[in-house]
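Before any comments, here is the structure.
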Protein chains: 2
Amino acid sequence: MNSTVTDYGKAAGVFKLLAHPARLQMLDELRRGEACVCHFQQILGRPQAYVSQQLGVLRDAQVVDAERDGVNMIYRIVDAQVARLLDDLLGEPDSYREAPACPCPKCGDESQVDGACNYIVMDLKEVPVPTRTREGG
Amino acid sequence: MNSTVTDYGKAAGVFKLLAHPARLQMLDELRRGEACVCHFQQILGRPQAYVSQQLGVLRDAQVVDAERDGVNMIYRIVDAQVARLLDDLLGEPDSYREAPACPCPKCGDESQVDGACNYIVMDLKEVPVPTRTREGG
DNA sequence: GCCTTATATTCAGATAACTGCATATAGTGT
DNA sequence: ACACTATATGCAGTTATCTGAATATAAGGC
């Protein structure tokens, strides 16, 4: 069995997950590494319940994965196929933007001090995206 | 200017186009070549107006392109990026299914007789999909 | 040219689904 | 207790989906 989806309803469901600006932006952040919920709150400028709801959609679809670290919940991408789709539409994560410094209130403007939510790392260790050459991009 | 989309609303709009089983199935057919409207009527089992509306959505987004041939309208994919997304999620067009014989009423069971709508061809001459190697697929 | 038939588009309208937001409640860790 | 997060519910506004009728275009017969 390969990793492709042949059922149109199921495939459309995958696209439907990505057909949402907030979810897409969060996934785009997660392509660069893990992130906590408060991180998305700052980035999206949305209330916590809203962020959690959208993350819940992605978690329910097993696109992302959550793990507790103290008071924070750390999210990361676990669906390599979705990561590939994002690469196709948004480009490689490091191709057009630096990984942003975490703008969480607890992080403040200091860059990743100890105790802050420095979950943004440039290492998708859980997402083995297949290596490819891109001649057209 | 590269071919990637950096705006989340715009990117979500692209995914939204594909987040629909009927549109997805039609695009999957179009990956294999051109097709007339009546072809989709048969494949989807939907009325003409419905098929035309969904094709209109894709046409309006400039994902597909329509050209008249006598009484028929011939559709084809013109958005290479969308074709790439479909490749990622559904696999290569020829990797899991043969190009179906056109099941239109006028085509009948005869295989592509003259005068029939033999628009299904395995040649995406209008879609210059960039060549890639897929080591992970 | 005129009429008919086949193909396809467009419009109007009803139904269903989604979105964004607020709020409330509960669980977990410090 | 307090901070962070998850989950549930309700609501108003928006959008998508699908059906059916009307319209446009092309081909063939007279």
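Residue numbering restarts at 1 for every chain, and letters A, B, ... go by the order of the sequence lines. None of these values were measured; they are calculated from a predicted model.
- Nearest heavy atoms, Ala35(B) versus Leu30(B): N-CD2, 3.9 Å.
- Counting heavy atoms from C-beta outward, Leu89(A) and Gln81(B) have side chains that approach closer than 4.5 Å.
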Show me the donor-acceptor pairs within less than 3.5 Å that the side chains of residues 44-67 of chain B make with the rest of the protein, sequence neighbours left out.
{"residue": "Gln54(B)", "atom": "OE1", "partner": "Arg23(B)", "partner atom": "NH1", "Å": "2.8"}
{"residue": "Arg59(B)", "atom": "NE", "partner": "Tyr75(B)", "partner atom": "OH", "Å": "3.3"}
{"residue": "Asp65(B)", "atom": "OD2", "partner": "Arg76(B)", "partner atom": "NH1", "Å": "3.4"}
{"residue": "Glu67(B)", "atom": "OE1", "partner": "Arg76(B)", "partner atom": "NH2", "Å": "2.7"}

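- The interatomic distance linking Leu44(A) (CG) with dT19(C) (C1') rounds to 14 Å, in whole Å.
- For the OP1/OP2 pair of dT9(C) and a distance below 4.0 Å, the side-chain nitrogens and oxygens of Ser52(B) include at least one atom meeting the criterion.
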All N/O pairs under 3.5 Å across the protein-nucleotides 14-19 of chain D interface:
{"residue": "dT17(D)", "atom": "OP2", "partner": "Arg23(B)", "partner atom": "NH1", "Å": "3.3"}
{"residue": "dC18(D)", "atom": "OP2", "partner": "His20(B)", "partner atom": "NE2", "Å": "3.2"}
{"residue": "dC18(D)", "atom": "OP2", "partner": "Tyr50(B)", "partner atom": "OH", "Å": "2.5"}
{"residue": "dT19(D)", "atom": "O4", "partner": "Gln53(B)", "partner atom": "NE2", "Å": "3.3"}

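- Rounding to the nearest 0.5 Å places CG of Leu24(A) at 6.0 Å from CZ of Phe15(B).
- The CD atom of Gln41(B) sits 13 Å away from the P atom of dA6(C) (whole-angstrom rounding).
- Atom CG of residue Leu27(B) and atom CG of residue Leu86(B) lie 5.5 Å apart, to the nearest 0.5 angstrom.
- Rounded to an integer number of Å, the gap from Gln48(A) CD to dC21(C) C1' is 13 Å.
- If you measure from atom CG of Asp60(B) to atom P of dT9(C), you get 13 Å, rounded to the nearest angstrom.
- Atoms NE2 (His39(A)) and C1' (dT5(D)) sit 17 Å apart, rounded to a whole Å.
- Of all non-hydrogen atoms in Ile77(B) and Ala83(B), the two that sit nearest each other are CG2-CB, 4.5 Å.
- A salt bridge does not link Arg84(B) with Asp87(B): none of the charged nitrogens is closer than 4.0 Å to a carboxylate oxygen.
- Distance, Ile74(B) CD1 to dT7(C) C1': 11 Å, rounded to whole Å.
- Remark: His39(B) NE2 to Glu34(B) CD distance equals 11.5 Å, nearest 0.5 Å.
- The distance from atom CZ of Arg59(A) to atom P of dT5(D) is 12 Å, rounded to the nearest whole Å.
- Atoms CD and CD1, from Gln25(A) and Ile43(A) in turn, are 6.5 Å apart once rounded to the nearest 0.5 Å.
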Begin from the C-alpha positions of Leu85(B) and Leu18(B) and carry the test side chain to side chain contact (heavy atoms under 4.5 Å, CB included) through to its verdict.
CA-CA 9 Å; Leu85(B) 290 174; Leu18(B) 307 177; 4.0 Å; yes
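- The two atoms that bring Gly9(B) and Pro21(A) nearest to each other are CA-CG, 4.1 Å, heavy atoms only.
- In this entry the distance linking CE of Met26(B) with C1' of dA8(C) reads 13 Å, nearest Å.
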Contact letters for nucleotides 24-30 of chain D, in which S counts primed atoms plus P, OP1 and OP2 and B counts the base, heavy atoms under 4.0 Å:
-SSS---
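- Fit an axis to the five pairs at each end of the helix from dG1(C)-dC30(D) to dT30(C)-dA1(D) and the two axes sit 30° apart, to the nearest 10 degrees.
- You'll find that the side chain of Asn72(A) is closest to dC4(D), out of dA8(C), dA6(D), dC4(D).
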